[in-house]
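Residue numbers begin at 1 in each chain, while the letters A, B, ... track the order of the sequences. Source: prediction; values computed, not measured.
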Amino acid sequence: MIINYTFITYRVSLELPNIYGIVYSLLKKIPQGKVTTYGEVARGLGDLKAARTIGRLMAKNIWYKYIPCYKVVHSDSRIGKYSAPGGVKKKMELLAKDQIPIENGKIVHLNKYLWSHKEMNLFPYLQSLMRMQQYLSKYALKTTEHRSHITCKNKISCDVAYIDSLPDIAISSCVLFENENVSEISITISPVYFPYIPGYLAFRELVPILFSIKKLYENRLFHDSCILIDGHGLLHPRKLGIASHIGLLLNKPTIGIAKKLLVGKPLIKKRKRYLDRTYYPIAVNGEILGYGIEKDKSKIFVSPGAYISLDKALEVTLSLSWGNRREPYLMILPHVISSYFRKHLDNLIRSRA
DNA sequence: GCGACAG
DNA sequence: ATCTTGTCGC
């Protein structure tokens with residue numbers, strides 16, 4: 001999949017790596033008598049933050065007969081789990097067959113048997129994606145300046161759900177609200193080859209969301225609109241969350257709305273009240289990049305994506321009505337639609353199987 | 001030892 | 001996000 005960026009005078013092409021394919025073929029290259037760790041594979045890909053994701057990929061490995069995920073263990077030399085038939089016992093047997101010494105559920109002298117990331121000879125994809133985020137964030141930030149005047153009369157809200165299979169199937173849904181009323185809905189189904197890794201959500205969900213937004217635009221163009229994305233914008237380790245990324249690609253105002261923080265500290269002491277909600281700034285290295293908004297026991301975190309100022313993003317989000325739900329009504333609808341679709345497809349697949 | 005870690 | 005093979009730092 002290639003994505004073209006056209007903004008200002010730059011054009012950047014990005015080829016999304018197929019992480020599933022890369023990791024599974026890597027496991028076949030683990031030398032006889034060696035093991036590696038979840039963290040080492042993540043380092044090989046360019047970011048240790050992917051360690052947990054590697055574990056999830058192992059758990060989803062349906063070709064465990066050919067792809068030796070039993071050779072991946074914890075960095076503190078614990079054996080780790082094994083969800084293929086036989087469980088941990090089978091994992092220990094397979095390791096023993098490879099002459100790997102195990103005592104008390106731990107590998108003895110892991111260092112001696114460790115296949116390190118340096119020996120993997122992998123291209124550090126995550127590092128180059130990170131560099132791209134750093135590069136793009138400069139432009140995204142610029143588009144948030146002098147953008148307090150924009151109006152967001154019409155809103156597009158997007159969400160993605162998944163069917164558990166390989167590769168992951170994404171069901172992406174967008175809802176257009178015109179003057180507070182639902183006026184258009186779009187749903188798309190697309191395979192994704194990039195797993196969820198904290199800080200890299202965009203590379204998993206960007207394409208499915210763009211597909212379903214594009215579908216909305218096919219019917220007709222609408223102005224005076226902004227896009228609400230389930231995830232962060234500026235509130236991101238490289239100041240380029242999925243909301244920023246989508247805003248830059250579409251040249252449209254985007255607001256990131258997430259249920260959990262990825263970075264930053266809430267400045268609770270600075271909390272203020274708006275109707276039945278309270279809100280407070282979120283700071284990263286002393287810089288305010290977003291806001292937390294609370295209603296009853298529920299929390300959301302808002303930050304600008306692109307083409308909208310921090311203050312305006314807060315103002316627009318505060319004005320959304322919540323009903324009796326855990327998040328604003330606008331955010332729930334696409335979520336309900338894609339989850340419904342997911343269940344329906346899941347049942348269909350199960351009944352055929 | 002516990003929390004942090006968008007979806 | 002689903003239905004559970006992590007790691008580091010305080």
Looking for any heavy atom pair under 4.0 Å, which part of the strands does Gly256(A) touch: base, sugar-phosphate only, or nothing? nothing
Could you check which of dG6(C), dC5(B), dG7(B) has an atom nearest any side-chain atom of Arg56(A)? dG7(B)
How many Å lie between CG on Leu262(A) and P on dA4(B), as a whole number? 13 Å
Would you call the rings of His232(A) and Phe301(A) parallel, tilted or perpendicular, taking 30° and 60° as the class edges? tilted
Classify the side-chain pair Thr37(A)/Ser75(A) by whether it contains a donor and acceptor separated by less than 3.5 Å. no
Between P on dC5(B) and CZ on Arg52(A), what's the gap in Å once rounded to a whole number? 11 Å
Side-chain N or O of Arg43(A) closer than 4.0 Å to phosphate OP1/OP2 of dC8(C): yes
Rounded to the Å, how far apart are Leu45(A) CG and dT7(C) P? 13 Å
Reckon Lys49(A) touches a base, only the sugar-phosphate, or nothing at all at heavy-atom distances under 4.0 Å? nothing
Check every atom of dC5(B), dT4(C), dG6(C) against the side chain of His74(A) and return the nucleotide holding the closest atom. dG6(C)
Could you give the CZ-to-C1' distance, from Phe301(A) to dA4(B), as a whole number of Å? 13 Å
Ring pair (Phe, Tyr, Trp, His ring centres under 6.0 Å) partners of residues 85-132 of chain A, not counting sequence neighbours, each pair once: Phe123(A)-Tyr125(A)
Output row for DNA chain B, stems defined as at least 3 consecutive Watson-Crick or G-U pairs under 3.5 Å, is B:1-5 with C:6-10
Considering every strand and a 4.0 Å limit on heavy-atom distances, what is the contact class for Leu201(A): base, sugar-phosphate, or nothing? base
So does His335(A) get a side-chain nitrogen or oxygen closer than 4.0 Å to the phosphate oxygens (OP1/OP2) of dG7(B)? no
From CG of Leu345(A) over to C1' of dT2(C), roughly how many Å is that when rounded to an integer? 16 Å
Atom-to-atom span, NZ of Lys260(A) to P of dC5(B) - whole angstrom: 9 Å
Return the orientation label for the Tyr200(A) and Phe194(A) ring planes: parallel under 30°, perpendicular over 60°, tilted otherwise. tilted
Regarding Asn61(A) and Tyr24(A), do their side chains bring together a donor and an acceptor under 3.5 Å, going by distance alone? no
Whole-Å P distance, dC5(B) and dT4(C): 24 Å
Would you classify Gly39(A) as touching base, sugar-phosphate or nothing, given that sugar-phosphate means primed atoms plus P, OP1 and OP2, and contacts are heavy atoms under 4.0 Å? sugar-phosphate
For Tyr70(A) and Asp98(A), which I'm curious about, is there any donor-acceptor pair between the side chains at under 3.5 Å? yes
Using whole Å, report how far CZ of Arg78(A) lies from C1' of dG6(C). 8 Å
Give a yes-or-no answer on whether the side chains of Arg273(A) and Thr278(A) include a donor-acceptor pair shorter than 3.5 Å. no
NA contact type, His232(A), heavy-atom cut-off 4.0 Å: base, sugar-phosphate, or nothing? base
Given dG6(C), is OP1 or OP2 found less than 4.0 Å from the side-chain N or O atoms of Ser75(A)? no
Give Tyr64(A) one of three labels, base, sugar-phosphate or nothing, depending on what nucleic acid heavy atoms sit under 4.0 Å from its own. nothing
Rounded to whole Å, how long is the line connecting atom CD1 of Ile171(A) with atom P of dA1(C)? 13 Å
Consider only side-chain N and O atoms of Glu205(A) and Tyr162(A), and report whether a donor and an acceptor are under 3.5 Å apart. yes
Classify Ile242(A) by what it touches in the nucleic acid, base, sugar-phosphate, or nothing, heavy-atom distance under 4.0 Å. base
Determine the contact category for Tyr162(A): base if any of its heavy atoms lies under 4.0 Å from a base atom, sugar-phosphate if only primed atoms, P, OP1 or OP2 are that close, otherwise nothing. nothing
Categorize Arg342(A) for me: base, sugar-phosphate, or nothing, with a 4.0 angstrom heavy-atom threshold over every strand shown. sugar-phosphate
